[in-house]
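Note sheet for the following structure.
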Protein chains: 2
Amino acid sequence: MTARLLLGLFLASIGAAAAAEANLPSWQDGPAKAAIVQFVRDVTDESSKSFVPPAQRIAVFDNDGTLWSEQPVYFQAAFMLDRLKAAAPDHPEWRENPAYQALVSRDEAQLARVGMKPVLELLAAANAGMTTEEYGASIKSWLKTAVHPRYKRPYTELVYKPMQELLAYLREHGFQTWIVSGGGIEFMRAWTEASYGIPPQQVIGSIAETRFELQGGEPALVREPKVAFVDDGAGKPVGIYRAIGRRPIAAFGNSDGDLQMLQYAAVGEGRRLAVIIHHDDTEREYAYDRESRIGRLDKLLDEAKARKWVVVSMKDDWNRVFPFE
Amino acid sequence: MTARLLLGLFLASIGAAAAAEANLPSWQDGPAKAAIVQFVRDVTDESSKSFVPPAQRIAVFDNDGTLWSEQPVYFQAAFMLDRLKAAAPDHPEWRENPAYQALVSRDEAQLARVGMKPVLELLAAANAGMTTEEYGASIKSWLKTAVHPRYKRPYTELVYKPMQELLAYLREHGFQTWIVSGGGIEFMRAWTEASYGIPPQQVIGSIAETRFELQGGEPALVREPKVAFVDDGAGKPVGIYRAIGRRPIAAFGNSDGDLQMLQYAAVGEGRRLAVIIHHDDTEREYAYDRESRIGRLDKLLDEAKARKWVVVSMKDDWNRVFPFE
């Protein structure tokens with residue numbers, strides 16, 4: 001047995017140990033899984049020059065399209081539509097509002113044209129005057145009855161099983177797992193702890209203005225009809241800075257709105273990980289990228305190729321997409 | 001031995017056990033310490049109807065005057081003054097600015113008149129264009145050389161030993177400890193982990209606008225000359241809501257800027273704790289309350305009396321104030 005062969009066997013045994021230790025049953029063995037597992041090995045190995053102390057093991061995840069589905073429309077948009085319809089009689093001025101018209105007619109092209117901000121403003125107006133507790137309760141109540149048009153299941157069942165496993169795997173290895181999403185912060189906080197094991201204080205999202213008051217002696221935060229912060233695109237690193245104050249070493253996203261977050265986490269010195277979830281599975285989920293109105297993956301796909309980031313094929317790298325399969 | 005006497009002995013033994021289990025050597029035995037320890041016993045006792053699961057054991061602390069000193073001026077003001085002086089040659093317009101004039105002439109009456117916002121705006125302007133990393137480094141560098149005018153020691157030595165013990169005691173009992181301060185978030189994040197065991201992601205504070213960019217290929221967040229959020233007064237519950245998303249069950253403060261935070265945490269159903277640090281020790285620290293320009297304790301003192309909140313006398317309830325004593 002030559003030294004070279006011995007070395008080869010030794011490295012193979014390490015690789016096998018790495019694969020065995022990673023509890024990721026919904027992931028196919030392949031380059032994407034191997035790259036993630038190798039990254040975790042490197043940053044948690046105290047003898048490695050890539051070692052990262054646990055306090056700095058911050059991993060950030062986009063939500064829509066990265067941890068759960070986002071087609072045929074963002075799930076929060078379905079919720080918003082129901083809330084807007086309920087609030088519309090009190091807002092005659094909405095009849096002339098392009099964002100409102102696009103929402104009720106489910107005009108996706110128009111929605112894409114008006115962008116996220118007027119939609120968030122509409123939602124902020126629809127929910128103005130509610131306390132944050134009332135708003136949270138309305139989200140939980142909606143999630144109990146609303147059903148996805150294709151899967152005929154509650155939206156919270158449309159979380160990705162491989163990502164649930166990945167979140168748990170990272171936490172087992174001393175990582176803090178955070179959500180950084182363009183969606184409304186309360187919409188996520190209502191269910192992320194149960195679905196992902198991510199508590200409210202590790203959810204970063206878009207925020208409406210609120211004001212504090214005592215209502216009949218009870219403390220309350222009341223929603224104002226104004227957007228305070230949009231956590232999307234170049235806003236994501238800002239949201240991370242405000243809430244965490246440390247630069248993440250790993251980031252997971254699926255669309256152009258995640259580009260700057262992945263740059264912030266993964267460009268620069270030291271061992272870093274950037275992963276893109278590529279929707280290429282029409283059969284079990286949806287297939288879309290450069291031309292999609294929702295979750296467009298265009299600039300980020302170019303960047304990922306240029307920087308050799310990990311691109312996960314949902315079709316090939318996941319042997320299971322949803323928990324219910 | 002009567003049943004009543006037995007019960008008395010039983011209760012006394014519980015009290016002794018409670019005092020023994022609480023590792024708070026800098027606290028005098030007395031009503032303030034007893035109330036805090038009893039609260040912790042109640043919410044951590046699974047058989048008690050006051051039991052609170054660990055995930056909801058959120059305790060929030062003001063910083064200036066609650067965890068460290070704030071006299072003769074907020075320590076951040078001393079830092080700001082040095083930064084402003086360094087930046088002044090590039091800002092001739094400041095010569096006419098009342099907040100700037102008040103700062104350089106150390107005119108506290110004028111400072112109190114102009115309020116916090118123009119001061120934060122000046123600081124934001126002085127540091128505009130710096131990356132957040134450069135700004136953090138400038139804070140750390142300043143803290144190494146700056147010295148408190150009375151104690152002739154670095155400012156980071158002026159943390160309260162009893163509060164350090166209390167933070168550790170709460171964490172040992174499953175609490176998450178958070179700072180919620182009107183001060184700049186970065187100014188605190190530079191040293192709170194070393195001094196209090198509170199990591200950057202559990203520091204809530206006032207925030208300057210930042211923008212993300214790649215500088216020569218390196219990701220950077222650059223400070224803008226604009227205040228994004230003032231975490232003071234009614235802003236504190238808003239800051240808590242944005243960052244934590246759960247209502248705290250315990251809050252500690254020392255001035256009127258903490259009133260709404262203490263109301264938010266302590267008014268309402270369930271077992272809750274509100275504690276006020278009362279500065280009444282001229283010998284070891286400072287004595288001030290209703291008339292003070294810095295750290296005024298007036299409305300909050302009335303509220304504390306009306307609601308029977310815990311008022312800690314630094315003179316009587318602490319047998320030691322600073323670690324260096």
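Note that the structure is a prediction, hence the values are computed from the model and not measured. Within every chain, numbering begins at 1; the chains are lettered A, B, ... in the order of the sequence lines, protein sequences first and strands thereafter.
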Listed pairs under 3.5 Å, donor-acceptor, residues 133-142 of chain A side chains, sequence neighbours left out:
from: Glu134(A); atom 1: OE1; to: Thr131(A); atom 2: N; distance (Å): 2.9
from: Ser138(A); atom 1: OG; to: Tyr135(A); atom 2: O; distance (Å): 2.8
from: Trp142(A); atom 1: NE1; to: Asp82(A); atom 2: OD2; distance (Å): 2.7

Task: Main-chain N/O of Lys299(B) paired to Asp256(B) side chain as donor or acceptor, under 3.5 Å - done: yes

- [ ] Find the one option among Gln201(A), Gln260(A), Glu209(A) whose heavy-atom pairs under 4.5 Å with chain B are most numerous.
- [x] Gln201(A)

Open item on the list: Is it the case that the side chain of Asp231(B) and the backbone of Ser181(B) share a donor-acceptor pair, with hydrogens and angles ignored and the cut-off at 3.5 Å?
Closed with: yes

Open item on the list: Are Phe79(A) and Leu143(A) packed together at the side-chain level, in the sense that at least one heavy-atom pair is separated by less than 4.5 angstrom?
Closed with: no

Task: Winner by heavy-atom pair count (cut-off under 4.5 Å) against chain A, out of Ile207(B), Ile204(B), Val203(B), Thr132(B) - done: Thr132(B)

TODO: Would you check if the distance from the ring center of Trp178(B) to the ring center of Phe61(B) is below 6.0 Å?
DONE: no

- [ ] Check whether any side-chain N or O of Arg57(B) sits under 3.5 Å from a backbone N or O of Val52(B) as a donor-acceptor pair, and report yes or no.
- [x] yes

Open item on the list: Is the shortest side-chain heavy-atom distance between Ile249(B) and Phe39(B) below 4.5 Å?
Closed with: yes

- [ ] Answer whether the closest heavy-atom distance between the side chains of Phe252(B) and Asp258(B) falls below 4.5 Å.
- [x] no

- [ ] Please list, in residue-number order, every residue in residues 235-248 of chain A that has a heavy atom less than 4.5 Å from any heavy atom of chain B; write 'none' if there are none.
- [x] Pro237(A), Val238(A), Tyr241(A), Arg242(A), Ala243(A), Ile244(A), Gly245(A), Arg246(A), Arg247(A)

Task: Top contributor to chain A interface from Glu218(B), Glu269(B), Gln263(B), Gln202(B) [non-hydrogen pairs under 4.5 Å] - done: Gln263(B)

TODO: Go through the structure and list residues passing side chain to side chain donor-acceptor pair (under 3.5 Å) with Asp302(B), not counting sequence neighbours.
DONE: Arg290(B)

Open item on the list: So for Glu213(B), is it side chain, backbone, both, or neither that comes closer than 4.5 Å to the heavy atoms of chain A?
Closed with: neither

TODO: Against chain A, label Leu214(B) side chain, backbone, both or neither, depending on which of its atoms sit under 4.5 Å from a heavy atom there.
DONE: side chain

- [ ] Kindly say whether Leu297(A) contributes a backbone atom to a donor-acceptor pair with the side chain of Ser255(A) at under 3.5 angstrom?
- [x] no

Open item on the list: Is it the case that the side chain of Arg171(B) and the backbone of Gln176(B) share a donor-acceptor pair, with hydrogens and angles ignored and the cut-off at 3.5 Å?
Closed with: no

Open item on the list: Using side-chain heavy atoms (C-beta onward) and a distance below 4.5 Å, is Val227(B) in contact with Val230(B)?
Closed with: yes

Open item on the list: At under 4.5 Å between heavy atoms, what parts of residues 185-198 of chain B are in contact with chain A? List them by residue number.
Closed with: Ile185(B), Glu186(B), Arg189(B), Glu193(B)

